[in-house]
J.: 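Supplied in structure tokens, the structure appears directly below.
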Amino acid sequence: MPAANARQAGTSPEPTRNIPTDGPATITSQAHPTAAISLRVIPRDQHNISRRDISPNALRVLYRLRDSGFAGYLVGGAVRDLLVGGHPKDFDIATDATPEQVKALFRNSRLIGRRFRLAHVVFGREIIEVATFRANVDDGSGDREQHEGGRLLRDNVYGTIEDDAVRRDFTANALYYAIEDFSVRDYVGGFEDVQARKMKLIGDPEQRYREDPVRMLRAVRLAGKLGFEIDPASAEPIARLAPLLSEAAPARLFEELLKLFLSGNAVASFEGLERFGLLPAILPETAAALASNRSGALRGMLLEGLRGTDARVANDEPVSPAFLFALLLWPAYCRALIGLQAQGVNAEEAQRRAADRVTLHQLGTVALPRRFSLPMQEIWLLQSRFSSRQRKRVMRLLAHPRFRAAYDFLLLRLTASSEHAEDVAFWREAQTQSGEELSAALGVAAPRDVYAEDDAAPPKRRRRRRRSGSAAPAAE
């Protein structure tokens with residue numbers, strides 16, 4: 001579709017296609033009054049991005065958009081990661097084509113989203129996300145809705161590439177790779193910030209955090225992932241605005257926590273949450289428990305578990321969210337358990353009530369699905385059974401479907417307290433022993449198999465004599 005038709009459809013044609021590459025050009029925009037826009041085009045010989053490192057399917061989308069008269073750019077995290085020598089998992093594209101026009105171009109596409117409408121172009125297991133340039137102003141159409149506190153509820157007003165650049169969250173994410181000349185387009189100084197390894201918000205930090213409080217978590221996650229420092233001006237409001245996270249959807253916070261801790265940078269993410277005052281907002285009872293644990297043993301155990309998580313991700317091994325949350329909420333569980341036992345609640349009942357209480361309170365912040373919360377609780381409740389040496393209980397625990405996860409958790413507890421060393425040693429051996437060896441180790445005779453001693457047939461069962469019935473009453 002030609003650019004003229006794109007204008008009729010409510011979009012803007014690519015405004016910078018003929019801008020020279022020999023220096024920055026100042027561009028005016030009404031998208032964000034606090035963000036300076038100055039276009040710099042970084043030619044191919046001044047950056048390290050190669051098409052060999054870009055998904056072939058993303059290239060197909062870019063070329064189809066270009067050949068159909070639309071502007072199309074690789075954008076966001078993919079450009080940022082390629083510049084620092086990383087390997088992006090996702091390749092997102094920004095265009096002046098509307099979602100409906102993208103769908104018309106790609107039969108293998110579908111439209112998603114209501115708050116933020118965009119197109120997914122599907123290539124087998126790979127999905128290329130294509131978003132239309134967004135404006136940062138309300139045109140009166142009703143397609144942009146904002147909460148009184150500043151949080152965006154709906155954002156489907158389309159604009160120019162300049163508008164789109166300044167409405168992105170961080171300068172490092174506002175870089176556009178152009179397929180027509182293989183250059184990188186930078187409107188907000190993101191190229192220099194990537195080179196300096198700096199995470200910097202576009203515009204006024206407090207306003208941007210109020211628009212979307214989850215940006216505070218994203219700042220911590222991306223800084224941890226990339227080894228960047230958060231710009232001081234962008235970091236200053238975080239602790240003060242952390243309570244705004246309570247306004248975010250619990251389901252979205254669950255997904256954000258998975259990104260924080262299951263992307264291979266869990267330790268850096270956790271330390272970032274602590275450093276910037278976000279831990280009490282996202283894991284309130286864990287934060288309180290860690291603050292009251294003077295020895296630091298619980299924090300040490302938690303960090304050791306997160307190091308193991310990072311190692312498993314690096315080795316492409318699976319990590320269960322149930323185990324992750326069992327680790328993250330363990331300090332809260334321990335604190336609740338101690339409190340209940342101090343009230344005189346018996347041990348078994350206290351364990352169940354502590355597990356339920358911690359889970360219920362956390363659900364007020366993060367929507368933890370039952371398919372993860374129930375296994376998490378089982379991991380906790382099985383810990384007390386590792387001290388048992390009764391043969392039947394040992395065999396039942398070994399056969400329990402959560403045994404391995406619970407045993408791995410016991411190993412982590414050993415890093416916090418040496419009192420678990422004997423249990424760890426016993427159960428390590430128990431997993432390799434036969435039933436007879438295990439019985440011998442327990443000092444209990446193995447169940448006797450009377451039929452295994454010889455080849456004689458088993459004794460016949462003795463038939464009981466049938467009792468005769470009662471005599472009929474005599475006739476009168």
Side-chain angles (χ1 to χ4, degrees), residues 14 16-17 19 21 39-68 70-97 102 105-106 108-109 118-131 133 161 164-165 168-200 218 221-228 259 262-265 268 310 313-317:
E14 165 39 28
T16 60
R17 186 166 298 175
I19 292 178
T21 62
L39 174 62
R40 176 187 174 188
V41 179
I42 299 93
R44 175 65 186 90
D45 60 356
Q46 295 181 24
H47 66 75
N48 62 321
I49 298 178
S50 169
R51 282 176 295 170
R52 291 191 300 270
D53 299 321
I54 300 175
S55 162
N57 293 322
L59 292 174
R60 290 188 184 99
V61 175
L62 289 171
Y63 283 122
R64 176 79 64 84
L65 287 169
R66 185 198 65 180
D67 295 343
S68 301
F70 295 106
Y73 298 90
L74 190 67
V75 69
V79 180
R80 177 201 68 215
D81 291 351
L82 289 169
L83 286 173
V84 298
H87 302 282
K89 292 184 178 180
D90 301 309
F91 292 87
D92 297 339
I93 290 173
T95 179
D96 59 359
V102 174
L105 284 177
F106 300 93
N108 56 326
S109 65
L118 45 80
H120 277 177
V121 185
V122 183
F123 298 90
R125 294 185 177 181
E126 184 178 19
I127 295 176
I128 305 299
E129 188 171 281
V130 183
F133 297 145
I161 188 172
D164 191 76
R168 292 182 177 270
D169 47 10
F170 301 100
T171 59
N173 293 341
L175 296 170
Y176 299 75
Y177 175 80
I179 197 64
E180 60 264 23
D181 59 4
F182 317 124
S183 66
V184 172
R185 309 288 175 88
D186 177 13
Y187 292 86
V188 291
F191 188 79
E192 288 81 5
D193 289 338
V194 169
Q195 304 303 309
R197 307 189 78 81
K198 180 193 302 181
M199 294 301 302
K200 182 179 180 181
R218 282 175 51 80
R221 175 169 62 83
L222 292 175
K225 170 187 174 181
L226 300 167
F228 283 21
K259 294 177 183 178
L262 296 183
S263 299
N265 306 281
D310 287 343
V313 173
N315 294 329
D316 202 24
E317 298 174 347

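The analysis underlying the following values was restricted to heavy atoms, covering all of them including side chains, and did not include hydrogens, waters or symmetry mates.
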J.: Within the 4.5 Å heavy-atom criterion, are Asp186 and Leu39 side-chain neighbours or not?
T.: no

J.: Between Ala172 and Val194, what is the shortest heavy-atom contact and its length?
T.: CB-CG2, 3.7 Å

J.: Is there side-chain contact between Val121 and Asn108, with at least one heavy-atom pair below 4.5 Å?
T.: yes

J.: Measure the shortest side-chain to side-chain distance between Glu129 and Leu118 over non-hydrogen atoms and say whether it is less than 4.5 angstrom.
T.: yes

J.: Which residue pairs pass the side-chain hydrogen bond (donor to acceptor under 3.5 Å, both in side chains) test when at least one of the two sits in residues 78-89, sequence neighbours left out?
T.: Arg80-Asn173, Asp81-Lys225

J.: If you look at every heavy atom in Leu74 and Val79, which pair is closest and at what distance?
T.: O-CG2, 3.3 Å

J.: Given side chains that start at C-beta, do those of Val184 and Tyr176 come closer than 4.5 Å, heavy atoms only?
T.: no

J.: I need the full list of salt bridge (Lys or Arg N to Asp or Glu O under 4.0 Å) pairs touching residues 189-198, with sequence neighbours left out, sorted by first then second residue.
T.: Arg40-Glu192

J.: Contact between Val313 and Ser263 at the side-chain level, heavy atoms closer than 4.5 Å - yes or no?
T.: no

J.: Do Ile127 and Asn57 come within less than 4.5 Å of each other through their side chains, counting heavy atoms only?
T.: no

J.: Not counting sequence neighbours, list each pair that qualifies as a salt bridge (Lys or Arg N to Asp or Glu O under 4.0 Å) and has a residue in residues 168-179.
T.: Asp164-Arg168, Asp169-Arg218

J.: Of all the heavy-atom pairs spanning Ala165 and Ala174, show the shortest one and how long it is.
T.: O-CB, 3.7 Å

J.: Using the side-chain hydrogen bond (donor to acceptor under 3.5 Å, both in side chains) rule, collect all pairs that involve residues 41-56, keeping only residues at least two apart or in two chains.
T.: Arg51-Tyr63, Ser55-Glu126

J.: Below 4.5 Å, heavy atoms only, C-beta onward: do Phe106 and Val130 meet side chain to side chain?
T.: no

J.: Taking side chain to side chain contact (heavy atoms under 4.5 Å, CB included) as the test, write out the residues that go with Ala178, two or more places apart.
T.: Tyr73, Glu180, Asp181, Ser183, Arg185

J.: Please check if the side chain of Thr95 supplies one atom and the backbone of Ala71 the other of a donor-acceptor pair under 3.5 Å.
T.: yes

J.: Any idea which heavy atoms bring Ala97 and Leu65 closest together, and the distance?
T.: CB-CD2, 4.4 Å

J.: Which residues pass the side chain to side chain contact (heavy atoms under 4.5 Å, CB included) test with Asp90, sequence neighbours left out?
T.: Asp92

J.: A side-chain contact here means heavy atoms from C-beta on lying under 4.5 Å apart; do Ile54 and Tyr177 qualify?
T.: yes

J.: Search all heavy atoms of Gly264 against all heavy atoms of Asp310 and return the closest pair with its distance.
T.: C-OD1, 3.1 Å

